[in-house]
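Here's the structure we're looking at; comments come further down.
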Amino acid sequence: LDNNLASSQKEYTKLKADYLNTINKYGINDYTAIPIREMAEINAQKLNLSNEAKEWLVRTIETPNLKKREVALCKIDLGDYLLMENKIWEAVLYYMQAEKSFKYDALGDEAKLRAAKVYYYTGDFNWALAKLNILKGSTSKLISNDALYLSNLITDNTTIDTNLHPMQMYAHAELWYVQRHYEQAYKKLDTLQSYYPDHALSDEVLFQKYKIRYDQKKYSECAEELNDLLTLY
């Protein structure tokens, strides 16, 4: 596994160098905005160089005469990386800026969905629902489906049951999952199961635990979570 990881790191470092050569040759413009975002993703997601990823995105956002769509896409990506660092409200600010630039476009809906998820993660369910209910009518089927799923999840687990603590715990675990704090997320879900063993979220908890173990490549534990889900539900 370590050898595979080292090999993968070398490949991503080489790919990053190729991107840099292209960007240095042609500068920051509408044509290189996509390679810059892809290079930023490599830095943030593969090489643990989040600051460098953010610096490139900020430079691109601040480049004069860049197309509004490219700027908005960079702002959404920047919001994602800030969220991973738990700079939650800075992330929301960039999402909202992108949304404002494309109010009547699927790109704006994507930014609104990201912001809604942040409100959900932090337990502000009313704000999240307000945004999600608008997004149910999105022209993008994927966005409307995601909005419908999350809206139903919140409504089903906060309307009948006035105790919001289980939903808050689950949402917090999801935030940790997004931030790749896998063990913290898993422990939070374990605690939720212990405190509220018969809660309506129980099947969601098992599926989220499966996703965590899958991302950790702990496949035998993945199977256990799925078997429990099949057996109990």
Exercise. How long is the gap from CG on Asp80 to NZ on Lys54, to the nearest 0.5 Å?
Worked result: 12.5 Å
Exercise. Under a 4.0 Å N-O cut-off, is there an ion pair linking Lys211 with Asp215?
Worked result: no
Problem set entry | Exceeds 12 heavy-atom contacts within 6.0 angstrom, atom CE of Met84 | yes
For this session: Might you point out which heavy atoms bring Ser144 and Ser138 nearest each other, and give the distance in Å?
Result: CB-O, 4.0 Å
Problem set entry | Between Tyr196 and His165, a side-chain donor and acceptor under 3.5 Å | yes
Exercise. Given the rule in the salt bridge (Lys or Arg N to Asp or Glu O under 4.0 Å) test, do Lys209 and Asp228 qualify, once you have shown the distances and angles that lead to the verdict?
Worked result: CA-CA 11 Å; Lys209 289 174 77 173; Asp228 287 346; over 6 Å; no
Seminar exercise, completed: Residues pairing under ring pair (Phe, Tyr, Trp, His ring centres under 6.0 Å) where one sits in residues 46-103, two or more places apart or in two chains, turn out to be Trp89-Tyr119
Exercise. Linking I/L/V/M/F/W/Y whenever any side-chain heavy atoms sit under 4.5 Å apart, do Leu132 and Tyr170 land together?
Worked result: yes
Exercise. So, Asn29 side chain and Tyr26 main chain: donor-acceptor pair closer than 3.5 Å or not?
Worked result: yes
Problem set entry | Close side-chain approach of Leu93 to Gln97, heavy-atom, < 4.5 Å | yes
Problem set entry | Interatomic spacing from CG in Leu148 to CD1 in Ile143 - rounded to 0.5 Å | 13.5 Å
Exercise. To which residues is Ile34 joined in a hydrophobic cluster, defined by side-chain heavy-atom contacts under 4.5 Å among Ile, Leu, Val, Met, Phe, Trp and Tyr, whether direct or through other members?
Worked result: none
For this session: Spell out, as yes or no, whether a donor-acceptor pair under 3.5 Å connects the side chain of Thr32 to the backbone of Gly27.
Result: yes
For this session: Could you give me the CA-CA distance, side-chain angles and deciding distance for Asn133 and Lys136, then say whether side-chain contact (heavy atoms from CB on, under 4.5 Å) is met?
Result: CA-CA 5 Å; Asn133 286 335; Lys136 289 178 188 178; 3.1 Å; yes
Exercise. Does one hydrophobic cluster hold both Tyr31 and Ile23, with members joined at side-chain heavy-atom distances below 4.5 Å?
Worked result: no
For this session: Ignoring hydrogens and angles, tell me if any N or O in the side chain of Glu174 forms a donor-acceptor pair with the backbone of Tyr121 under 3.5 Å.
Result: no
Seminar exercise, completed: Of all heavy-atom pairs linking Ala33 and Thr60, the shortest is CB-CG2, 4.5 Å
Exercise. Under 4.5 Å between side-chain heavy atoms, hopping through other hydrophobics if needed: is there a path connecting Ile42 to Ile76?
Worked result: no
For this session: Kindly indicate, with the supporting measurements, whether the criterion side-chain contact (heavy atoms from CB on, under 4.5 Å) is fulfilled by Glu41 and Asp77.
Result: CA-CA 8 Å; Glu41 182 179 359; Asp77 287 355; over 6 Å; no
For this session: Go through Lys75 and Glu90 one step at a time and tell me if the salt bridge (Lys or Arg N to Asp or Glu O under 4.0 Å) criterion holds.
Result: CA-CA 11 Å; Lys75 285 182 176 180; Glu90 288 181 53; over 6 Å; no
Exercise. Atom CG in Leu66, atom SG in Cys74: separation rounded to 0.5 Å?
Worked result: 7.0 Å
For this session: Report yes or no: do Gln208 and Glu225 form a side-chain donor-acceptor pair below 3.5 Å?
Result: no
For this session: For the residue pair Ser151 and Leu129, establish whether any side-chain heavy-atom pair is separated by less than 4.5 Å.
Result: yes
Problem set entry | side-chain contact (heavy atoms from CB on, under 4.5 Å) between His199 and Asn157, intermediate numbers included | CA-CA 9 Å; His199 197 273; Asn157 292 287; 3.5 Å; yes
Problem set entry | Ser50 side, atom OG; Asn43 side, atom CG - distance, nearest 0.5 Å | 9.0 Å
Exercise. Do you know the tightest heavy-atom contact between Ala40 and Ala53?
Worked result: O-CB, 3.3 Å
For this session: Please examine the side chains of Leu82 and Glu85, heavy atoms only from C-beta on, and report whether any two atoms are closer than 4.5 Å.
Result: yes
For this session: Would you please say whether a donor-acceptor pair under 3.5 Å links the side chains of Ser202 and Gln193?
Result: no
For this session: Answer yes or no: does atom CG of Leu20 have more than 12 heavy-atom neighbours from other residues, nucleotides or ligands under 6.0 Å?
Result: yes
For this session: Run the numbers on Tyr182 and Tyr177 for side-chain contact (heavy atoms from CB on, under 4.5 Å), then give the verdict.
Result: CA-CA 6 Å; Tyr182 294 130; Tyr177 171 71; 3.7 Å; yes
Problem set entry | ILVMFWY clustering at 4.5 Å (side-chain atoms), partners of Tyr214 | Leu206, Phe207, Tyr210, Tyr219, Leu226, Leu229, Leu232, Tyr233
Seminar exercise, completed: Heavy-atom nearest pair, Leu135 first then Ala147, reads CB-CB, 3.6 Å
Exercise. With distance as the sole criterion, is a donor-acceptor pair present between the side chains of Glu38 and Tyr19 under 3.5 Å?
Worked result: yes
For this session: May I ask you to say whether Lys218 pairs ionically with Glu183, meaning some side-chain N is under 4.0 Å from a carboxylate O?
Result: yes
For this session: For the pair Glu99 and Lys103, evaluate salt bridge (Lys or Arg N to Asp or Glu O under 4.0 Å) and give the outcome as yes or no after the intermediate values.
Result: CA-CA 6 Å; Glu99 177 193 339; Lys103 275 188 177 179; over 6 Å; no
For this session: Answer yes or no: are there more than 12 heavy-atom neighbours, outside Lys187 itself, under 6.0 Å from its atom NZ?
Result: no
Seminar exercise, completed: Residues Lys188 and Ala173: closest non-hydrogen pair is CG-CB, 3.8 Å
For this session: Would you give the length of the straight line joining atom CG of Leu107 to atom CG of Leu73, rounded to the nearest 0.5 angstrom?
Result: 5.0 Å
Seminar exercise, completed: Tightest non-hydrogen contact, residues Ala116 and Ala128, listed as O-CB, 3.5 Å
For this session: Decide whether Trp176 and Phe125 are clustered together by the hydrophobic rule: side chain heavy atoms of Ile, Leu, Val, Met, Phe, Trp, Tyr closer than 4.5 Å, transitively.
Result: no
Problem set entry | Side chains of Ile154 and Leu150 in contact at under 4.5 Å (non-hydrogen atoms) | yes
Exercise. So how far is it from Leu153 CG to Asp156 CG, rounded to the nearest 0.5 Å?
Worked result: 7.5 Å
Problem set entry | Main-chain N/O of Gln45 paired to Arg180 side chain as donor or acceptor, under 3.5 Å | yes
Exercise. Can Leu57 be reached from Ile28 by stepping across I, L, V, M, F, W or Y side chains whose heavy atoms are under 4.5 Å apart?
Worked result: no
Exercise. Heavy-atom count around Asn48 CG within 6.0 Å, excluding the residue itself: above 12?
Worked result: no
For this session: Please name the residue in the list Lys112, Lys68, Arg69, Lys100 that meets the salt bridge (charged side-chain N to carboxylate O under 4.0 Å, His left out) test with Asp105.
Result: Arg69
